[in-house]
Protein chains: 2
Amino acid sequence: MATDDTPTRVLAAAGPVFADKGFQAATVREICQAAGVNLASVNYHFRDKERLYIETVKRAAHLREAQVPMPELPPGAPPEVKLRLFIQTTLTRMMGDRGAPWQVRLMTREVLHPSSACEELVRDYFRPHFDRLQAILNELLPPDAPLHLRHQIGFSIIGQCMHYRVAWHVMTLIVGADEVAAHYSTDALAEHITQFSLAALAQYRKPGSLTAAPSESLPPL
Amino acid sequence: MATDDTPTRVLAAAGPVFADKGFQAATVREICQAAGVNLASVNYHFRDKERLYIETVKRAAHLREAQVPMPELPPGAPPEVKLRLFIQTTLTRMMGDRGAPWQVRLMTREVLHPSSACEELVRDYFRPHFDRLQAILNELLPPDAPLHLRHQIGFSIIGQCMHYRVAWHVMTLIVGADEVAAHYSTDALAEHITQFSLAALAQYRKPGSLTAAPSESLPPL
DNA sequence: CGAGGGGTTAAACAGGTGTTTAAAACAATT
DNA sequence: AATTGTTTTAAACACCTGTTTAACCCCTCG
């Protein structure tokens with residue numbers, strides 16, 4: 001493994017460093033030392049620190065997708081099962097087995113503080129993922145559900161998953177380490193989010209629920 | 001306004017800079033220049049750059065709570081109305097009127113990459129907020145709902161709100177600026193999240209829904 | 001054999017970082 | 001009015017940053 005290409009070794013070492021400290025705080029010296037290569041290697045093989053960062057981000061997305069691939073959804077399976085599988089995969093990708101891996105931490109930084117690598121990330125990674133979810137929701141929603149509602153329902157599901165990625169530390173401080181250890185496994189959380197979302201989805205199948213103005217369903221204080 | 005205390009001016013200038021660039025990338029020189037004070041002021045009045053950062057974070061939370069206070073919930077109001085008001089306030093705090101204000105951007109950084117200021121932030125800001133939500137959920141859930149389920153339902157609601165704070169840019173790239181302009185106002189999003197969550201909550205009132213094992217409600221593929 | 005070139009290396013470079021210092025300016029008290 | 005204590009100031013300090021440079025190594029090809 002130590003006999004790899006120099007660019008490959010730099011790329012491999014850059015991942016965790018950029019994920020932990022961000023683009024600015026990460027230093028070229030630290031990356032090169034971790035890779036066991038000379039300081040000038042970054043500029044020779046990647047021209048810039050920024051170019052190295054962009055390459056690292058792209059590689060992170062590609063790598064994580066290969067690590068946790070979306071399982072084949074049997075075409076005949078009920079959409080409820082498909083949704084659960086989707087949520088399980090999404091959550092597993094975000095959380096990993098022992099904390100979020102550097103690939104995910106790096107992508108999270110990119111989501112919150114987009115750089116020039118973000119658009120490509122959305123095109124090759126986030127949008128296809130979201131489209132899969134939309135396809136499942138299409139089977140669970142009536143045909144006349146407006147597009148923006150389908151999207152917002154998708155974000156409601158993604159948002160529930162993402163929260164455990166983003167706020168894990170704060171969440172642990174709030175509910176305590178014991179409850180987390182007992183009830184916050186990836187499987188348990190996926191089960192909860194699936195059940196919560198499926199129950200929410202059921203309402204849109206009721207006739208007339210889509211035509212009623214929002215203010216009718218609930219009095220304005 | 002320009003006649004303020006030097007520490008006050010520094011604190012006011014530090015907020016946006018730290019929010020935009022993060023602790024590391026923000027420079028003391030930039031903060032002092034924005035405040036119109038001498039470079040040594042930070043070290044004289046706050047001892048450290050880090051101390052200044054911590055003070056700035058605390059002030060951000062306190063400030064934002066004052067900017068968007070939680071409206072008085074009439075004790076007799078139905079819990080559905082209380083929940084909608086809670087979601088509206090939460091979303092308004094996170095989004096602001098023209099993009100997330102620096103106070104929120106700074107707190108988001110603290111959530112994702114906690115520093116020594118995080119524990120205090122949770123104790124004085126996030127936990128009381130979450131407790132308010134729990135109190136509302138207690139009125140909407142049967143008395144025998146286990147504690148961890150109440151918490152996870154709370155996170156499902158918070159997570160939906162937080163998603164629009166964290167992933168706003170990516171989300172815009174996915175659904176397009178037109179749809180965002182037409183259907184993603186704070187009020188519209190609050191309405192959707194409320195409706196989605198209330199429908200999800202209804203299932204837990206059905207008798208026996210809490211005793212059924214998760215695997216019973218959905219076949220394992 | 002030996003000339004050439006891609007890859008590696010240590011050293012240096014120019015600029016920026018947080019922090020410290022000693023002198024100056026100011027305010028308030030005696 | 002003199003003196004104390006506090007605040008402000010410009011300059012310097014020591015260190016770290018990304019990047020460049022020129023010498024060097026090693027392998028291939030004529």
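Chain identifiers are assigned alphabetically (A, B, ...) following the order of the sequence lines, protein sequences preceding nucleic acid strands; residue numbering begins at 1 within each chain.
The distance between atom CZ of Phe18(A) and atom C1' of dG18(D), rounded to the nearest whole Å, is 11 Å. dT8(D) atom P lies 11 Å from atom CZ of Phe46(B), rounded to whole Å. At whole-Å resolution of the value, CD in Gln33(A) and P in dT17(D) are 11 Å apart. The distance between atom NE2 of His45(A) and atom P of dT19(D), rounded to the nearest whole Å, is 15 Å. Summarising the geometry, the separation between CG on Asp4(A) and C1' on dG7(C) is reported as 16 Å, rounded to the nearest angstrom. Rounded to whole angstrom, the span from the CZ atom of Arg47(B) across to the P atom of dT19(C) amounts to 11 Å.
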Ring pair (Phe, Tyr, Trp, His ring centres under 6.0 Å) between Phe23(B) and His113(B), intermediate numbers included: CA-CA 11 Å; Phe23(B) 175 76; His113(B) 306 105; over 10 Å; no
Step-by-step ring pair (Phe, Tyr, Trp, His ring centres under 6.0 Å) determination, His148(A) to Tyr184(B): CA-CA 9 Å; His148(A) 68 88; Tyr184(B) 288 70; 7.5 Å; no
Steps toward ring pair (Phe, Tyr, Trp, His ring centres under 6.0 Å) verdict (Phe130(A), Phe155(A)): CA-CA 9 Å; Phe130(A) 191 70; Phe155(A) 292 137; 4.8 Å; yes
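Within the structure, every side-chain polar atom (N or O) of Asn38(A) is placed at least 4.0 Å from both OP1 and OP2 of dG7(C). Between Tyr44(B) and dT8(D) there is no side-chain polar atom (N or O) within less than 4.0 angstrom of OP1 or OP2. Put simply, Thr6(A) has no side-chain N or O that comes within less than 4.0 Å of OP1 or OP2 on dG7(C).
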Contact letters for nucleotides 12-18 of chain C, in which S counts primed atoms plus P, OP1 and OP2 and B counts the base, heavy atoms under 4.0 Å: B----BB
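The two residues Ser156(A) and Gln160(B) have their closest heavy-atom pair at OG-OE1, 2.8 Å.
Axis angle across the helix from dC1(C)-dG30(D) to dC26(C)-dG5(D), with five pairs used at each end and values rounded to 10°: 10°.
A heavy-atom distance below 4.5 Å is not found between the side chains of Tyr164(B) and Met94(B). Under the 4.5 Å side-chain criterion, counting only non-hydrogen atoms from C-beta, His129(B) is in contact with Phe86(B). Proximity of Ile193(A) to Thr90(A): side-chain heavy atoms (C-beta onward) are nowhere separated by under 4.5 Å. Between His192(B) and Gln195(B), every side-chain heavy-atom pair lies at or beyond the 4.5 Å cut-off.
With distances taken from any side-chain atom of Ala40(B) to the nucleotides dA10(D), dT8(C), dT6(D), the minimum falls on dA10(D).
For Tyr125(A) and His62(A), the ring centers sit 6.0 Å or farther from each other.
When heavy atoms are screened at a 4.0 angstrom cut-off, Ser41(B) is found touching no nucleic acid atom at all.
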